[in-house]
Student: 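Pasting in a structure now, in structure tokens, and then I'll have a few things to ask.
Just so it is clear: chains get the letters A, B, ... in the order the sequence lines come, proteins before strands, and each one is counted from 1. Because the structure is predicted, anything quoted here is derived from the model rather than measured.
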Amino acid sequence: MLDLQSIGVRLGSFELADVSVTIEAGEYFVLLGPSGVGKSVLLEIVAGLIRPSAGRVLLDGRDITGLPPEQRGFSLVYQDYALFPHMTVRRNIAYGLPRARSARPAAKRRAAELAELLHITPLLARRPETLSGGQQQRVALARALAVQPRLLLLDEPLAALDTNTRFRLRKELKRINRELNTAVLHVTHDPEEAMALGDRVGILLDCRLHQVAAPQELFRRPSDPQVADFLGMRNVLPVGRVDDKICHICGVDIHVSSLTAETTHIWIKPEEIILSQEPFASSARNQFKCTVVEWDPRGSLLAVRVAAGDLSLVALITHASFDQLAIEPGRQIYATFKSSAVHCF
Amino acid sequence: MTRQSLQPSGSGTWFGLLLALLGSAVLLLIVAPLLGIVLATSVSDLSRAAADREVTESIKLTLLAALAATTVSAVAGVPLAYLLARKRFWGKGLVLGIIDLPIVIPHSAAGIALLTVIGRQSPLGKHVLGGGLVGTTAGIAVAMAFVSIPFLVNAARLAFMAVPERLERAARTLGASPARVFLTVSLPLAWRGVLSGMVLMWARGISEFGAVVIIAYHPMTTPVMVFQRFNDHGLRYAVSVAVLLIAVCVTLFVVLRLLSGARDRRGDHA
């Protein structure tokens, strides 16, 4: 439906180069990247609010690069909601609807429908300043959906919300996408959000689109170490010399059951690594004597960095194991993981 | 939370005292003459002045000429303010400088400069305005507009700058043309600032003497009348007219403060 062809833009010192991507009708597409790489700029280019310095935007094959935003039929929702403070919720939602006297009853009905869809019917007569963040974002979504956009543009729509509200609205977004069959282009810096929502995810790093793929595919096959790193994949190691299911990395031999000639990187999930005080006999083929380097809390678990020679690995362990192993920097310890637990890409 | 400000310890030192003393001197400079003129006016003088047709006519003329200057200027000046608040273009700094020029030019000189454009002998005055605007209400309004328009444009520009651009951008993506965005989003959100700019311009126009007296001695605006009565009849005759004029200006000023005060309170919520 929407084609971005070699989009480039230059704004002061900021530059975005050669972004090409296609968004299909009804698709939920997430653009993921750290802040400051131009995700929002790309979104405003699609909206028609910024003109790209290079490339073309096509809608159903028609060049709309120079079309003003009001003629595109894409509505944009900002992180800070951008509700009109001088209008009630109802008038906010109806802002984009036809406003001829004869069209008013229909517009009012439509506003009521959308309020129902987003569970904000009791708020219709209120002013935006009296609403919570989550409520304001629902109003902003209703307002954007009222115009029946071909494509809904979301700029970090959940970033300013507290955790519970964020989870609830995340579900709503997916539901709206499915129920109304509205295509969505959603920009975020949160990998978890991208994975939960996206049919496909595009990864924007260093002002360049690195990879576009379905969420599972991204973890299975990240296009390069930067993508893996941004997705929070720890223990991604470049493969050097290879001998029949064994790779030699930083002076250590690692058994990898799925190793092939094409493998360039391996990934050892931190939660697959077992730490123990003594070596123990098991079917796991990889066991190394290591030294604890550092540790820090990671949610309900703890991330412990260990070193075996020049090889540095991160293992995730529970607080109970942490106490039992008496983890502290400099302590000698054993790290064990199965050869089948190592992913190759 | 109460509005009580938190004072650091030692704020009652000699420096604090010095600040208070210097500040009082400034206030005295403003309050003393105003208090003096009110005390120097007897009620009978005031009521005689208020009943004097010449005086009331001149106050009416002054208010209306300044109001006309403000309204007409607003039609062109408010869009200009929006342009200056939103767009970046070549020569914008120059435009901003030109807008502020009337503030630094001596107003009598501004009056003379205006004569070269709307005077009897000027090309515009001769051929288009049918003998120029000297001695007409229109001429007075032009002189008032010249000296007071920076107040309107600057206040409106700041008001538009305070409107988040994202609101306008969101409105565009909802299908609104730039003109509709201006009328339904930018202007309604900036109107308080625009309105206080208009009141400021109106008040400034009313109080103008220098430029007006050169364009038109007659019909006589109130500031010119204060000068004429003082020259021809002496202090006592000037005082009552002056008090009336000051009362009019102070009333306008209170309205202005109420407008901008309401805006400040709104700003607190943001």
Side-chain angles (χ1 to χ4, degrees), chain A residues 11-12 40-41 43-50 67-87 91-99 107 114 127-130 136-137 139-157 185, chain B residues 1 78-79 81-83 85-90 92-93 155-156 158-198 258-270:
Chain A
L11 291 172
S40 302
V41 172
L43 206 61
E44 294 201 321
I45 287 174
V46 173
L49 293 163
I50 296 176
L67 203 66
E70 63 269 25
Q71 290 169 27
R72 295 194 178 199
F74 306 158
S75 42
L76 178 57
V77 174
Y78 282 111
Q79 177 182 342
D80 61 2
Y81 329 121
L83 296 177
F84 306 129
H86 57 304
M87 299 180 191
R91 283 192 56 211
N92 263 284
I93 296 175
Y95 185 83
L97 297 174
R99 32 184 214 295
L114 282 156
R127 294 256 174 176
E129 65 192 18
T130 67
Q136 290 194 45
Q137 196 55 295
V139 175
L141 280 169
R143 182 179 71 177
L145 289 167
V147 299
Q148 294 179 292
R150 290 286 310 272
L151 177 64
L152 181 63
L153 305 171
L154 305 174
D155 188 0
E156 297 272 8
L185 174 53
Chain B
M1 207 179 78
V78 173
Y82 182 65
L83 194 72
R86 279 290 179 258
K87 307 284 180 210
R88 291 205 297 191
F89 52 88
W90 188 87
K92 181 172 167 180
L158 292 176
F160 284 123
M161 281 170 74
V163 176
E165 215 171 337
R166 290 185 156 208
L167 297 184
E168 297 174 355
R169 292 176 160 237
R172 288 291 298 281
T173 70
L174 293 168
S177 64
R180 178 157 185 253
V181 172
F182 176 75
L183 290 175
T184 58
V185 177
S186 325
L187 195 55
L189 287 173
W191 79 271
R192 243 171 228 284
V194 172
L195 199 65
S196 67
M198 287 177 72
L258 287 178
L259 274 175
S260 54
R263 187 182 47 190
D264 286 349
R265 277 197 300 282
R266 268 172 67 107
D268 280 350
H269 293 303

Student: I need the residue from A:Asp80, A:Leu153, A:Leu97 with the largest number of non-hydrogen atom pairs under 4.5 Å to chain B.
Tutor: A:Asp80
Student: Taking only residues two or more places apart in sequence, or in another chain, which ones meet A:Phe84 in a ring pair (Phe, Tyr, Trp, His ring centres under 6.0 Å)?
Tutor: A:Tyr95
Student: Which atoms of A:Gln71 are under 4.5 Å from chain B, going by heavy atoms: the side chain, the backbone, both sets, or neither?
Tutor: neither
Student: Can you tell which of B:Arg86, B:Glu165, B:Glu168 makes a side chain to side chain donor-acceptor pair (under 3.5 Å) with B:Ser186?
Tutor: B:Glu168
Student: Less than 4.0 angstrom from a charged side-chain N to a carboxylate O is my criterion; do A:Glu70 and B:Arg180 meet it?
Tutor: no
Student: Determine the option with the most heavy-atom pairs under 4.5 angstrom with chain B, choosing from A:Leu49, A:Leu83, A:Val77.
Tutor: A:Leu49
Student: Whether the side chain of A:Arg99 engages the backbone of A:Ala107 through a donor-acceptor N/O pair (distance < 3.5 Å, no angle test) should be reported.
Tutor: no
